Amino acid sequence: QEKTDFRIAWSIYVGWMPWGYLEDSGIMDKWAEKYDIDVEIVQINDYVESINQYTAGAFDGVSATNMDTLSIPAGGGVDTTALIVGDFSNGNDAVIVKGDGDLASLAGKPVSLVELSVSHYLLARGLDSVGLKESDLASVINTSDADMIAAFATPDVEAVVTWNPLVSSILEDPSATKLFDSSDIPGEIIDLMVVNTEVLEANPNFGKAMAGAWYEVMGLMAAGDEEVLTAMAEASGTDLAGYKAQLDSTEMFYTPADAVEFTQSSALPDTMVNVAEFLFDKGILGEGAPSADFVGIEYPDGSTTGDAGNVQFRFDTTYMQMAADGAL
Amino acid sequence: MSFVTAENIFLSYGSRPILERVNLTAEEGEFVSIVGASGCGKSTFLRLLLAQETPTKGEIRVAGAPPAREPGLARGVVFQRYSVFPHMTVRENIVAGESLRSRWGRFFGTEARAARARADETLARIGLDHVADQFPATLSGGMQQRLAIGQALAAKPRILLLDEPFGALDPGTRLSMHDFLQELRAETGMTVFMVTHDLEEGFKLGDRVLVFDKPRWDPQDPNLNGATITYDFDARDGGIPFQRIKEDTHVLRPT
Amino acid sequence: MSFVTAENIFLSYGSRPILERVNLTAEEGEFVSIVGASGCGKSTFLRLLLAQETPTKGEIRVAGAPPAREPGLARGVVFQRYSVFPHMTVRENIVAGESLRSRWGRFFGTEARAARARADETLARIGLDHVADQFPATLSGGMQQRLAIGQALAAKPRILLLDEPFGALDPGTRLSMHDFLQELRAETGMTVFMVTHDLEEGFKLGDRVLVFDKPRWDPQDPNLNGATITYDFDARDGGIPFQRIKEDTHVLRPT
Amino acid sequence: MRLINRNPDIVLRTVLVALPFALLLLAYALGSEARLAENPSDKLMPSLSKIGETAQRLLTEPDRRSERILFWHDTGASLIRLLLGVGISAALATILGLLIGLLPYVRATLAGFVAVISMIPPLAVLPILFIVFGLGELSKVVLIVVGILPFLIRDLSARVLEIPREMIVKAETLGASTFVIALRVALPQLLPRLIQAVRLSLGPAWLFLIAAEAIAAEQGLGYRIFLVRRFLAMDVILTYVIWITLLAFLMDLTLRKLSQRLFPWTQATL
Amino acid sequence: MRLINRNPDIVLRTVLVALPFALLLLAYALGSEARLAENPSDKLMPSLSKIGETAQRLLTEPDRRSERILFWHDTGASLIRLLLGVGISAALATILGLLIGLLPYVRATLAGFVAVISMIPPLAVLPILFIVFGLGELSKVVLIVVGILPFLIRDLSARVLEIPREMIVKAETLGASTFVIALRVALPQLLPRLIQAVRLSLGPAWLFLIAAEAIAAEQGLGYRIFLVRRFLAMDVILTYVIWITLLAFLMDLTLRKLSQRLFPWTQATL
Ligand SMILES: Nc1ncnc2c1ncn2[C@@H]1O[C@H](COP(=O)(O)OP(=O)(O)OP(=O)(O)O)[C@@H](O)[C@H]1O
Ligand SMILES: Nc1ncnc2c1ncn2[C@@H]1O[C@H](COP(=O)(O)OP(=O)(O)OP(=O)(O)O)[C@@H](O)[C@H]1O
Ligand SMILES: [Mg+2]
Ligand SMILES: [Mg+2]
């Protein structure tokens, strides 16, 4: 059904800071006005809560990773479209131990991380690469991201898996060693803006306004606009240098063309199959899920992985393409 | 037909009988003292008169009207404690005697002023005018009971029920409360039922003295039987029966 | 030298004088009743005797010893309420009279058995043997006060202080407590100080009756002056002064 | 007859007691049905039968990975933490309550301090607690202790102060030392109130337990709830919430009965 | 002399009151120094002077982006939420407490329900609350209400039940209707207890406020603490914690004084 008022939620993370800037700077309003709609961008402190709220219908869109989109809204029967593929993590997520060591030395150690998050996925991929399994670890301790730095400072904690800006803070400790990070699995941890498919289909203007606004800010960032970057840095609680350091380990798609190309690449289906298997293995797809293929995922070319009869997650390049074509 | 009639009243709590076969008639304007051993059911009988409880069997009627189902304006009451409202000043307590029956429980405007003036008169009569703006907690026990009686009378009940109203007072204060009560009684001519522990007090103030006691007494299980009115003395004969009761009943034997 | 001497005692709370120039001597074995208007400082004086409080000026000595600084074994006490331990059974309360002074506050082994046997004797004497295993809450007021006295006596104090011990009892129970107290006294020959509201009681039980009152009375501010001993009657003369007091003092005038 | 004097009879009373529970269930069932009609795989308000199935599965089927029935393991882990935390708090509060209530010196020293400390929101100082007590079992127990101890101390010391002065004086005249007064007079009278106070602080204790488990844990009821929140498994969450409510209710009941049984000399309170 | 009878004089008392605070400060200062000696950029236990500087900066320097002094804005936002939540709870609890305490019908219906509901740990149903009440101001206020209302209702209804039956009967004999008894007899006697109960629930109210602000908010004391917690900016956290403690203490004090002022007919309690 057509409507004019939209609400999207975002939470603080390097690649999503532009959303806060869009709201504060008025750029979003400008683009919304152009398409005669109204878009409210709401910051939520708790990332999981923001996705839950979206899944429950409180928001029309939310900033989320590919993995969480698959497990929460798509797994929960809310047909969701990745409207904007913003970046992928290229070092932003990391496995860190105290003292020296390598991935293999993790065997028999307890690891603190946010369970079932991309950190967990990163750890699983890392262990895979050296032929270990999660059961080879002493334990996996679910630790809130808000307390990860404090946790690393306690003697009981030997290894953590977490994301930026926590990674850079923890690495300031001279005893901390990075063992593995997302640059070792490039393109697998993808940060998206996902929106409700039904809403998007009924309101193409919503997609256009969002894409238009987003790529305007991308342009400013790509140009190195210090004022814009400083605003984002301060909103995320760090300074310009800190924020730039985080951006360095993030593969931002500053131009829509790059984003379209990445989304259309043949690597994406493989990644998503990997992710679905990981989720199924952890029981996250729900006990209604008979197999890892329970939820179908559709790609820009119309191909699908998983159950083609139950497509709940769609990668759609339409609006990014429009931005690339300057058609907005 | 008598003013107050209680016909064949029974009352049990659970399976335990408290009162049995209580019959009583009282004329309008009579002052009836009630005495009896501790725990024999005097307060319970007063609660029945008050319609705070309903007898298991039997009926209590006042002026021939159907039995009341809950306490109301017809009967005023003064307990040993908790008989005044601690959150109202002395004057407000008296005004409450008239105003609680209204829709909002308080008077407004001229009505309020008039009620306050009437309350001040009452207070002067009961000797509490100098503490009109204090709270009851600052009053001595005797003053509180005077206030409680004044408040009950402000509602102009036809019957006044007193449950050991002077039990907590020291002997001196108690004597002056007797004078006060006798004055008021002469003035208003109300029907009064007063429970007391003090035989002397009962005979001094009452026209009649009822003695509650268990007519049958099971030494194995004293709780087996309920109490009833075992003596009904005319107390206007100069207190002669006082001696007889001392000899005849359990009343004064300490448990 | 007298057994108990109080010399020129003053006591103020803040700037408000309660007691002024109190002088008293009492011989060992005397029974001293203390009467006086409510709030005049009788209980305060008892607290001074007990060494629960220290006088602002003056000294109280017992048997010539230096003034005590806190309550101890030499003086037993029974208050109107809270005089027995609610969490101990009747028997335990009596045993506590002996055992609280020990290191752990309780006896073990043979000592415990012996103390229990002694307690049962005491209980039999004060007529509480049939309720030895009950808790005080299930006892009547009179039984509780008997227990409190029994417990105080179990500690064998040289002086027993009673603060309106029978004030909460009904007249019947009160009479039998008088008998009980008189028996005990004849047996033990203790020195007793008893505060009472009831003049009759004071004269009946006491060898002497002290009257506390304010010697000067300021009608503007009755709190300006403290009280002292205004009369000291020999109560063994058949109660004759009783009449005189009624006429001479404020004691019985209700406030 | 005034409403105040009208009592429902026994049948009506039973109906009335059940009524709000029935209404709540009904409201949930309707809400759930409406949502499921729109999106059959909605996870937010699973149907009652779904919750029932999930509950049965959780209670009986072992976990695939660990081959243990996680439900009972979570319950065990949480209960141990809770009982430890509450037990330690109760013991400390009894001792400190007695000291503060009985001894003027200790009262002067600690009463004000405890009053101020009790105002610190424990969740805000979590990082410090972690550093001092580590992230293991200890820190969870400590969070419970930090959360409920100030309240317990304040409540119990106030109760000790409420013991009639007469009773203390009586004990003194029987020759009791300060230690004996504390042990034989004050302590026994404090115990029923201790149970009361513990009942009151069970709610906060659960709260802090769940908060601690949400932050760093490998098992426990709070851990599971916050973990499955990551995929909005409300059927699991609701099962756990009902279970926690039941546990809390049973603990409360047990303590009440215990108090009535242990302290026959005091009346039971509501 | 027994310890129980020994009172410190006024000078010693003042020293004793200050002692534990001084010891705490000292312990912190030593701990901080030790940590800083090891690692000068340690963030966990900043030195007291650092905290002082930070506090001064927070209290006076406006934020560069918004040009507002965030500290006061956070305080304002949090206080409004807290007062709304506590106020609404107090009002509801008063009404429900009166109804449950006075009317047997309502008591039969709600007493058991409230007892069960009060056992639900609010943090566990947080996701549900957010879904039902959204993420705006409303949900934060609602979390406070959900957190403290059951306790308030139980406490206040118990208090209404404690009003001596004699007093109610007396009012009836003066012709008071149920409504007048509630309004003129029960309510005024409930109010001092209400203040007491509100004082007791201020602690939990802060807790729930901070928990709610941690999840979804754009300003507020709890929001700020959780925002900077990610960077372990303990100087900021401690400033905020001290400020919250102070605020809570002042509220408690105000309520106590208010109760003494408003209800001269009742004695002040500890
Ligand atoms: N609500 C009640 N439920 C059960 N038993 C009750 C109740 N109220 C009173 N009783 C019992 O009924 C008996 C009579 O009580 P009541 O208060 O009428 O005695 P009383 O004669 O007034 O005694 P007292 O002189 O001590 O005031 C007592 O044994 C009491 O235990
Ligand atoms: N701790 C205290 N602080 C201040 N004033 C007190 C204190 N204790 C008692 N008073 C005051 O001292 C006066 C004497 O009190 P006390 O209890 O000794 O009187 P009393 O003669 O025993 O009276 P009653 O016959 O009512 O028991 C009273 O006016 C009382 O208000
Ligand atoms: Mg009675
Ligand atoms: Mg006295």
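Bear in mind the structure is a predicted one, so any value in this text is a computation, not a measurement. Within every chain, numbering begins at 1; the chains are lettered A, B, ... in the order of the sequence lines, protein sequences first and strands thereafter.
Proximity to chain D is absent for every atom of A:S135, based on heavy atoms less than 4.5 angstrom apart. For A:D156, the part lying under 4.5 angstrom from a heavy atom of chain D is the side chain only. Only the side chain of A:V157 has a heavy atom closer than 4.5 Å to any heavy atom of chain D. Interface remark: A:D46 contributes side-chain atoms only to the contact with chain D (heavy atom separation under 4.5 Å). Residue A:V78 touches chain D through both its backbone and its side chain, counting heavy-atom pairs closer than 4.5 Å. For D:A233, no part sits under 4.5 Å from any heavy atom of chain A, backbone or side chain. Using a 4.5 Å cut-off between heavy atoms, D:L227 contacts chain A through both its backbone and its side chain.
With hydrogens and angles left out, the side-chain atoms of D:S78 and D:E213 include a donor and acceptor closer than 3.5 Å.
The ring of D:Y240 has its center closer than 6.0 angstrom to the ring center of D:F71. Checked against the 6.0 Å centroid threshold, A:F59 and A:W10 do not count as a close aromatic pair.
Interatomic distance, A:I12 CD1 to A:I44 CD1, rounded to the nearest 0.5 Å: 11.5 Å.
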Report the C-alpha distance between A:R7 and A:D60 in whole Å, list the side-chain angles of each, state the deciding distance to 0.1 Å, and finish with yes or no for salt bridge (charged side-chain N to carboxylate O under 4.0 Å, His left out).
-> CA-CA 6 Å; A:R7 276 156 57 82; A:D60 302 302; over 6 Å; no
